[in-house]
Amino acid sequence: QVQLVESGGGLVQAGGSLRLSCAASGRTFNNYALGWFRQAPGKEREFVAAVNWNIGNTRYADSVKGRFTISRDNAKNTVHLQMNNLKPEDTAVYYCAADSLSGRYYYLTPSHEYEYDHWGQGTQVIVSS
């Protein structure tokens, strides 16, 4: 059973940067895909970015492409989300999620919420204008 803990959220002005981290316990991310999702007040949870732990390929939502970067640290069993040029519409609770790729294509970077089966508690990001 994998457990995920997010950190790094906070308050930042528009145009600023923030780095989120997601640490795992219980097991490593071997043969997993790791994703970041976010949920703004009154809105549905949406996909942000994902990284494949096997080969490191990534996927991004159009709204964050070019501004956000997801990365993995195998030694620390941690995934990061570097957020640059933040906008007020980026304000949300950000969640880390893990999806086992056992028995599936090794290169997958799932982008749908229902594909993930492990979730962290979330960390708040507020971007002021």
Side-chain angles (χ1 to χ4, degrees):
Q1 182 69 37
V2 61
Q3 299 175 11
L4 307 173
V5 179
E6 303 96 333
S7 62
L11 175 65
V12 64
Q13 292 185 342
S17 299
L18 207 60
R19 189 182 75 159
L20 306 182
S21 298
C22 174
S25 62
R27 64 180 299 169
T28 67
F29 288 137
N30 185 44
N31 205 29
Y32 271 80
L34 270 296
W36 285 96
F37 291 77
R38 66 186 182 186
Q39 186 169 26
K43 296 185 178 181
E44 298 294 319
R45 192 173 301 181
E46 65 175 353
F47 171 76
V48 176
V51 61
N52 181 283
W53 215 258
N54 294 324
I55 60 177
N57 55 308
T58 59
R59 184 197 299 265
Y60 296 92
D62 290 339
S63 60
V64 306
K65 190 175 182 62
R67 300 188 298 122
F68 291 10
T69 302
I70 187 171
S71 61
R72 58 189 173 102
D73 187 333
N74 296 68
K76 298 181 178 180
N77 293 322
T78 300
V79 62
H80 302 284
L81 184 67
Q82 178 65 46
M83 305 185 294
N84 297 325
N85 191 26
L86 284 162
K87 305 175 180 179
E89 50 263 46
D90 294 319
T91 296
V93 176
Y94 284 71
Y95 297 90
C96 178
D99 177 29
S100 174
L101 299 180
S102 179
R104 302 161 64 195
Y105 293 120
Y106 73 95
Y107 55 82
L108 292 178
T109 51
S111 60
H112 301 101
E113 182 177 358
Y114 65 82
E115 296 179 285
Y116 291 82
D117 44 17
H118 301 281
W119 294 83
Q121 296 297 314
T123 184
Q124 177 72 61
V125 172
I126 301 176
V127 183
S128 63
S129 59

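Just the heavy atoms: all of them, side chains too, but no hydrogens, waters or symmetry mates, feed the values below.
When atom types are taken as modelled, the side chain of T109 and the backbone of V51 share no donor-acceptor pair closer than 3.5 angstrom. Within the 3.5 Å criterion, the main-chain N or O of E6 finds no donor-acceptor partner in the side chain of Y94. Looking only at distances, a side-chain donor or acceptor of N52 sits under 3.5 Å from a matching main-chain atom of Y106. Checked by atom type and distance alone, the side chain of N84 never pairs as donor or acceptor with a backbone atom of S17 at under 3.5 Å. Using modelled atom types, no side-chain atom of E44 and backbone atom of Q39 make a donor-acceptor pair closer than 3.5 Å. A donor-acceptor pair is defined here as one N or O able to donate and one able to accept, closer than 3.5 Å; such a pair exists between the side chain of N57 and the backbone of Y107. With hydrogens and angles ignored, the 3.5 Å screen pairs no side-chain donor or acceptor of S102 with any backbone N or O of S100.
Summarising the geometry, atom CD belonging to E113 is positioned 12.0 Å from atom CZ belonging to F47; distances are rounded to the nearest 0.5 Å. With rounding to the nearest 0.5 Å, the separation of OG1 in T58 from NZ in K65 is 7.0 Å. In this structure, CZ in R19 is found 12.0 Å from OG1 in T69, a value given to the nearest 0.5 Å. Separation of atoms CH2 (W53) and CG (N30) is listed at 10.5 Å; rounding is to 0.5 Å. Annotation: the span from C22 atom SG to R72 atom CZ amounts to 14.5 Å, rounded to 0.5 Å.
Neither F37 nor L101 shares a network with the other; the hydrophobic side chains, linked directly or stepwise wherever heavy atoms of I, L, V, M, F, W or Y lie under 4.5 Å apart, form separate groups for each. In the hydrophobic clustering of ILVMFWY residues, with side-chain heavy atoms under 4.5 Å counting as a link, L86 and Y60 come out together. Each of I70 and Y95 belongs to its own hydrophobic cluster when Ile, Leu, Val, Met, Phe, Trp and Tyr are linked at side-chain heavy-atom distances under 4.5 angstrom. Taken together through direct or relayed side-chain contacts under 4.5 Å among Ile, Leu, Val, Met, Phe, Trp and Tyr, F68 and L20 form part of one hydrophobic cluster. Put simply, Y116 and V48 are part of two different groups of oily side chains (I, L, V, M, F, W, Y) that touch within less than 4.5 Å, one to the next.
R38 pairs with exactly one of V64, V93, V125, T123 by the side chain to side chain contact (heavy atoms under 4.5 Å, CB included) rule, that one being V64.
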Can you list the steps and then say if L11 with V127 is a side chain to side chain contact (heavy atoms under 4.5 Å, CB included)? CA-CA 6 Å; L11 175 65; V127 183; over 6 Å; no

Evaluate side chain to side chain contact (heavy atoms under 4.5 Å, CB included) for W36 paired with C96, printing each intermediate quantity in order. CA-CA 5 Å; W36 285 96; C96 178; 4.1 Å; yes

I'd like to know whether D90 forms a side chain to side chain contact (heavy atoms under 4.5 Å, CB included) with R67, so could you lay out the CA-CA distance, the side-chain angles of the two residues, the decisive distance to 0.1 Å, and finally the verdict. CA-CA 11 Å; D90 294 319; R67 300 188 298 122; 2.8 Å; yes

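Using cut-offs of 30° and 60° for the angle between ring planes, the Y32 and H118 rings count as tilted.
Nearest approach of S129 to A14, heavy atoms of both residues: CA-CB, 4.5 Å. Between A92 and A40 the shortest heavy-atom distance is CB-N, 3.7 Å. Residues L18 and G8 come closest through the heavy atom pair CG-O, 3.5 Å. Considering every non-hydrogen atom in both S71 and V79, the closest pair reads O-CG2, 3.1 Å.
For Q121, the CD atom sits in a loose shell: 12 or fewer heavy atoms of surrounding residues, nucleotides or ligands are nearer than 6.0 Å.
By the 4.5 Å heavy-atom criterion applied to side chains, D99 and R104 are counted as neighbours.
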